[in-house]
A.B. asks: 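Before anything else, here's the structure in question.
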Amino acid sequence: MATDFTGKTALITGAGRGIGRAIALGLGAAGARVVLLARTARQLDETRDLLRAQGVPARRISVVPADLADERDRGQAAAAVLAAGRVDILVNNAAVVEPLGPTAAVSAGDLRLAFEVNVIAPVTLTAAMLPGMLDTGWGRVVNVSSGIVAHPAGMIRGNAYAATKAALEAHTVNLAAELAGTGVTVNVYRPGGVDTAMQAWIRGQDPERIGGLHERFNQNFAAGTLITPEQSAAGLLACLAGDDAGAIWDVSTAPVGA
């Protein structure tokens with residue numbers, strides 16, 4: 001399926017590196033105006049430079065540094081984005097994998113932070129962007145999740161991550177049903193095992209703290225089974241042009257190159 005998003009504006013969170021950066025580059029190449037949101041301004045500048053290097057004009061790139069864990073910062077960022085115009089495509093990609101470790105050792109504060117970034121931020125950003133999409137009768141929201149939701153027992157000592165991604169998927173499917181017939185679709189994307197900074201960080205953690213996760217993530221890396229952020233992003237973009245709603249897209253079944 002062709003992916004031509006000329007005239008559309010796309011907001012991508014976690015756009016400073018990894019999958020988010022690759023999605024932003026893909027959307028820029030497909031003609032969209034891209035709004036890059038992440039916490040680290042330096043990484044956003046790097047993504048902007050890469051977009052410019054691939055021929056995307058400066059007028060089609062906006063950078064919005066924001067900490068999605070902070071309610072005030074998040075609200076100000078959403079207002080700044082909307083002040084420049086409607087958003088047609090929202091990719092909620094930013095996430096945290098912490099807290100890792102035995103569930104009994106996880107503090108309530110760390111658990112709240114995980115839900116703030118992985119669930120509340122996508123829900124509130126979507127709510128902020130929805131009115132503009134509904135006004136025009138077209139919009140695409142994608143919430144980047146994880147295959148761990150299908151097999152939550154496979155991430156022992158990653159309870160918070162599994163729980164937040166499961167909550168995000170339930171929100172997605174419910175909201176898609178609510179918006180049926182409006183022209184605005186909401187879907188989940190499970191990006192697969194991707195060679196990202198998050199993966200590298202987990203591989204470097206103390207095995208005593210994260211248990212079997214350490215061995216599994218290192219084995220996957222050594223076996224060469226991880227895909228690149230660009231490969232994963234291509235799967236998402238191939239699905240984005242369609243009319244699915246409430247779907248759980250998976251990189252292994254995405255029509256890449258279709």
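Worth knowing before you read on, the calculation uses all heavy atoms, side chains too, and leaves out hydrogens, waters and symmetry mates.
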A.B. asks: Using atom types as modelled and distance alone, determine if a side-chain donor or acceptor of S232 lies under 3.5 Å from a backbone N or O of P191.
C.D. replies: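 Flag set: sc S232 to bb P191 pair under 3.5 Å.
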A.B. asks: Is there a side-chain contact between R17 and E46 (heavy atoms, below 4.5 Å)?
C.D. replies: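 The answer is no, as the side chains (C-beta and beyond) never meet within the 4.5 Å cut-off.
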A.B. asks: Does atom CG of L50 have more than 12 heavy-atom neighbours, drawn from other residues, nucleotides or ligands, at distances under 6.0 Å?
C.D. replies: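 Enclosed: over 12 neighbouring heavy atoms sit under 6.0 Å from CG of L50.
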A.B. asks: Are there more than 12 heavy atoms of other residues, nucleotides or ligands under 6.0 Å from atom CD of E230?
C.D. replies: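 Enclosed: over 12 neighbouring heavy atoms sit under 6.0 Å from CD of E230.
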A.B. asks: How long is the straight-line distance from CG of L68 back to CZ of R74, given to the nearest 0.5 Å?
C.D. replies: 7.0 Å
A.B. asks: If you measure from CG on L25 to CG on L51, what distance do you get to the nearest 0.5 Å?
C.D. replies: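 L25 atom CG to L51 atom CG measures 5.0 Å (nearest 0.5 Å).
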A.B. asks: Could you report the tightest heavy-atom contact between A114 and E98, atom names first, then the distance?
C.D. replies: CB-O, 3.6 Å
A.B. asks: Donor-acceptor check, side chain of N118 to backbone of V96, threshold 3.5 angstrom: yes or no?
C.D. replies: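 Flag set: sc N118 to bb V96 pair under 3.5 Å.
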A.B. asks: Provide the closest heavy-atom pair for I89 versus V87 in the form atom of the first, atom of the second, distance.
C.D. replies: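 Scanning both residues, the minimum pair turns out to be O-CG1, 3.2 Å.
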A.B. asks: Please determine whether residues I12 and V35 belong to a single hydrophobic cluster, defined as Ile, Leu, Val, Met, Phe, Trp and Tyr linked transitively by side-chain heavy-atom distances below 4.5 Å.
C.D. replies: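 Result: no, two separate clusters.
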A.B. asks: Let me confirm one number: the CZ-CG distance from R86 to D135, rounded to the nearest 0.5 Å.
C.D. replies: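 Reported to 0.5 Å precision, the distance equals 8.5 Å.
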A.B. asks: Indicate the atoms forming the closest heavy-atom contact of K165 with V144, along with that distance.
C.D. replies: NZ-O, 2.9 Å
A.B. asks: Specify the closest pair of heavy atoms between V64 and A77, including all atoms of both residues, with the distance to one decimal.
C.D. replies: CG1-CB, 3.8 Å
A.B. asks: To the nearest 0.5 angstrom, please state how far the CD1 atom of I19 sits from the CZ atom of R21.
C.D. replies: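 I19 atom CD1 to R21 atom CZ measures 13.0 Å (nearest 0.5 Å).
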A.B. asks: Between N143 and L168 (side chain of the first, backbone of the second, donor and acceptor by atom type, cut-off under 3.5 Å), is there such a pair?
C.D. replies: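 Such a contact is absent between N143 side chain and L168 backbone.
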A.B. asks: Should the pair D67-R72 be classified as a salt bridge under the 4.0 Å nitrogen-to-oxygen rule?
C.D. replies: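 Result for this pair is no, no salt bridge flagged.
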A.B. asks: Show the nearest heavy-atom pair for residues V106 and G101, with the distance to one decimal.
C.D. replies: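 Answer, listing the atom of V106 first, then G101: CG2-O, 4.5 Å.
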A.B. asks: Using a strict cut-off of less than 4.0 Å between a Lys/Arg side-chain nitrogen and an Asp/Glu carboxylate oxygen, indicate whether E169 and R190 qualify as a salt bridge.
C.D. replies: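 Yes, charged N to carboxylate O under 4.0 Å.
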A.B. asks: Honestly curious: do L134 and V123 fall in one hydrophobic cluster under the side-chain, below-4.5 Å linking rule?
C.D. replies: no
A.B. asks: For Y189 and W249, take the angle between the two ring planes, folded into 0 to 90°, and tell me which bin it lands in: parallel under 30, tilted 30 to 60, perpendicular over 60.
C.D. replies: perpendicular
A.B. asks: Looking at R42, is its backbone amide N or carbonyl O close enough to the side chain of T40 to form a donor-acceptor pair, meaning the two atoms are under 3.5 Å apart?
C.D. replies: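 Checked: no pair found.
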A.B. asks: Could you tell me whether R60 atom CZ has more than 12 heavy atoms of other residues or ligands within 6.0 Å of it?
C.D. replies: yes
A.B. asks: Enter the distance from R48:CZ to D45:CG here, rounded to the nearest 0.5 Å.
C.D. replies: 4.5 Å
A.B. asks: State the NE2-CD1 distance between H171 and I120, to the nearest 0.5 angstrom.
C.D. replies: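 It comes to 11.5 Å.
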A.B. asks: So do T185 and L179 actually touch side chain to side chain, heavy atoms under 4.5 Å?
C.D. replies: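 Side-chain contact under 4.5 Å: no.
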A.B. asks: Quick check: closest heavy atoms across A128 and P131, and the distance to 0.1 Å?
C.D. replies: O-CD, 3.5 Å
